[in-house]
Amino acid sequence: MMRMSWMITVINRRMMKILIALALIAYIASVWGTYANMRSIQEHGEMKVEQRIDEAVAPLREKIRELELSFTQKYPPVKFLSEKDRKRILITGGAGFVGSHLTDKLMMDGHEVTVVDNFFTGRKRNVEHWIGHENFELINHDVVEPLYIEGLAKRVGARLLLASTSEVYGDPEVHPQNEEYWGHVNPIGPRACYDEGKRVAETMCYAYMKQEGVEVRVARIFNTFGSRMHMNDGRVVSNFILQALQGEPLTVYGSGSQTRAFQYVSDLVNGLVSLMNSNISSPVNLGNPEEHTILEFAQLIKSLVVSRSHIQFLPEAQDDPQRRRPDIRKAKMLLGWEPVVPLEEGLNKTIQYFSRELEHQANNQYIPKPKAARMKKGRPRHN
């Protein structure tokens, strides 16, 4: 009996062990199933989270890609010049209308260009496509604090090019104007500061040339127009185009019989580069000998813009030159230069430029108006 009781006890213990083992296995299986299920849910949730992160990050990645592309700037094509042929050129006012086009030409020709400008009338956007290029340097500086470029030219043996003007001829008594004509200028009139300022600049350059042996080139620039003109500079081209585009009256001062000769900016730049590379130390006229009256010019712009503007005649400004036309025989013979861009072609390009500028200004709720002529002081509007 006792033996049977012992056997039953052993069997019960074994059963207990088996039951415990089965329970343990069942528990482990349950835990493992729960873990596997939780792992599946977690992985699925992680996939959803990753998907949402990707969706949120995608625009940022695109923006980063755009920024990388913008930093990897594509410059206009630049020629390669050897060290011997490559010049280092400093342009004061190089972010302005003419200066920026000259900068483009010299950069594309492969030279090293440093632009100095205070951005009073020039704009950084005129030369921003060169910023970062190894051949280009931009300095924000006002020449009120002198740079002493004449001394720099003497020290390094550089050539100095002065951008003079047809205004040195004043209201001319000789027509067309050649470089030997000394001019007819009112030294105390409303135009005197500009006219006499340029005449004195020529005087100082030639005096320095004789005294210090610095090479000097002087370009007497006649009326020039083209893209990057300041919208509110009050000159006849910008005035007429802006007035025509905005439906405002085209303001003609006097009878409109005054004559001017207009050249496109690319022609001028080619002339400046040719003069700079030449051996001509005396002044050279750079302009278009094709003469037009102011009234004819107003009518031409009105026609090209297809504007409904009318022409408004206002009193003539004091000392406004009655005739202006360059004699460019010297430039033709010694530089092989003459303007090649037809007037209407240049005007159409300039009209397109001002149209884009007006659209840009309109989006910012500001549309400039051309300046009115100053009758007693300042610069007349037909230059």
Side-chain angles (χ1 to χ4, degrees), residues 60-149 152-153 156 158-163 219 221 224-233 238 264-273 276-277 349-350 352-361 363-364 366 368:
L60 296 175
R61 285 176 178 161
E62 181 63 24
K63 188 66 178 176
I64 290 170
R65 190 180 71 82
E66 290 175 1
L67 288 171
E68 287 175 345
L69 289 174
S70 69
F71 283 118
T72 312
Q73 186 171 349
K74 294 181 179 179
Y75 301 103
V78 174
K79 294 178 183 177
F80 173 78
L81 292 180
S82 65
E83 189 71 26
K84 175 176 67 70
D85 297 323
R86 188 168 62 247
K87 296 181 176 69
R88 301 178 68 185
I89 301 168
L90 172 68
I91 305 177
T92 56
F97 163 45
V98 173
S100 63
H101 285 283
L102 181 59
T103 297
D104 286 350
K105 169 68 175 171
L106 294 171
M107 283 292 297
M108 289 188 285
D109 282 349
H111 301 292
E112 296 179 19
V113 178
T114 298
V115 165
V116 176
D117 207 298
N118 66 352
F119 307 110
F120 184 67
T121 56
R123 291 182 293 183
K124 189 177 289 186
R125 58 181 283 202
N126 289 342
V127 293
E128 66 181 354
H129 49 283
W130 294 116
I131 292 176
H133 194 283
E134 60 182 5
N135 288 353
F136 180 77
E137 188 70 35
L138 178 62
I139 300 173
N140 187 340
H141 181 83
D142 195 325
V143 293
V144 169
E145 296 295 330
L147 287 174
Y148 302 109
I149 58 172
L152 175 63
V156 301
R159 182 174 291 169
L160 180 65
L161 171 68
L162 172 67
I221 301 170
T224 306
F225 68 94
S227 61
R228 302 179 190 166
M229 293 184 77
H230 196 285
M231 294 186 72
N232 203 25
D233 65 3
S238 50
Y264 191 63
V265 65
S266 61
D267 283 333
L268 170 62
V269 166
N270 289 334
L272 290 172
V273 173
M276 185 168 62
N277 293 328
K349 291 179 180 179
T350 309
Q352 291 172 12
Y353 167 76
F354 277 114
S355 295
R356 292 192 298 268
E357 289 295 291
L358 284 175
E359 289 176 10
H360 175 75
Q361 297 288 1
N363 291 336
N364 288 279
Y366 168 69

Could you walk me through whether Leu268 and Val98 pass the side chain to side chain contact (heavy atoms under 4.5 Å, CB included) check? CA-CA 8 Å; Leu268 170 62; Val98 173; 3.8 Å; yes

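- Nearest heavy-atom pair, Ala95 versus Phe119, reported as atom, atom and distance to 0.1 Å: CB-CE2, 3.7 Å.
- Using a 4.5 Å cut-off on side-chain heavy atoms (C-beta onward), Tyr264 and Lys349 make contact.
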Walk me through it: do Leu106 and Met108 pass the test side chain to side chain contact (heavy atoms under 4.5 Å, CB included)? CA-CA 6 Å; Leu106 294 171; Met108 289 188 285; over 6 Å; no

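- For the residue pair Trp130 / Asp104, a side-chain donor-acceptor distance below 3.5 Å is found, with atom types taken as modelled.
- To the nearest 0.5 Å, atom CD of residue Glu145 and atom NE2 of residue His141 are 6.5 Å apart.
- Taken to the nearest 0.5 Å, the OH atom of Tyr353 stands 14.0 Å off from the CZ atom of Phe225.
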Evaluate salt bridge (charged side-chain N to carboxylate O under 4.0 Å, His left out) for Glu112 paired with Arg86, printing each intermediate quantity in order. CA-CA 7 Å; Glu112 296 179 19; Arg86 188 168 62 247; 3.0 Å; yes

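- Considering Thr350, Thr224, Asn270, Leu102 as possible partners of Val265, the one that fulfils the side-chain contact (heavy atoms from CB on, under 4.5 Å) test is Thr224.
- Atom CG of Asn126 is separated from atom CZ of Phe97 by 10.0 Å, given to the nearest 0.5 angstrom.
- For the pair Phe136 and Thr103, the minimum side-chain heavy-atom distance is below 4.5 Å.
- Minimum interatomic distance between Met231 and Glu357 (heavy atoms only, all atoms of both residues): SD-CB, 3.5 Å.
- Residues Val116 and Leu90 form a side-chain contact, since some pair of their non-hydrogen atoms from C-beta on lies under 4.5 Å apart.
- Looking only at side-chain heavy atoms (C-beta outward), His133 and Met107 come within less than 4.5 Å of each other.
- With contacts defined as side-chain heavy-atom distances shorter than 4.5 Å, the pair Ser238/His230 does not qualify.
- For the pair Lys87 and Asn277, the minimum side-chain heavy-atom distance is below 4.5 Å.
- Summarising the geometry, atom CG belonging to Leu152 is positioned 10.0 Å from atom CG belonging to Leu160; distances are rounded to the nearest 0.5 Å.
- Counting only heavy atoms from C-beta outward, the side chains of Arg88 and His111 never approach each other to under 4.5 Å.
- Across every non-hydrogen atom of His129 and Arg125, the tightest pair is ND1-O, 4.4 Å.
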Stepwise side chain to side chain contact (heavy atoms under 4.5 Å, CB included) check, Ser100 with Arg123: CA-CA 9 Å; Ser100 63; Arg123 291 182 293 183; over 6 Å; no

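- To the nearest 0.5 angstrom, Ile91 atom CD1 is 12.0 Å from Ile139 atom CD1.
- In this structure, CG on Leu272 lies 11.0 Å from CG on Asp267, to the nearest 0.5 angstrom.
- Proximity of Lys105 to Ser266: side-chain heavy atoms (C-beta onward) are nowhere separated by under 4.5 Å.
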Output, in order, the C-alpha distance, side-chain angles, deciding distance and verdict of side chain to side chain contact (heavy atoms under 4.5 Å, CB included) for Ile131 and Lys124. CA-CA 9 Å; Ile131 292 176; Lys124 189 177 289 186; 4.1 Å; yes

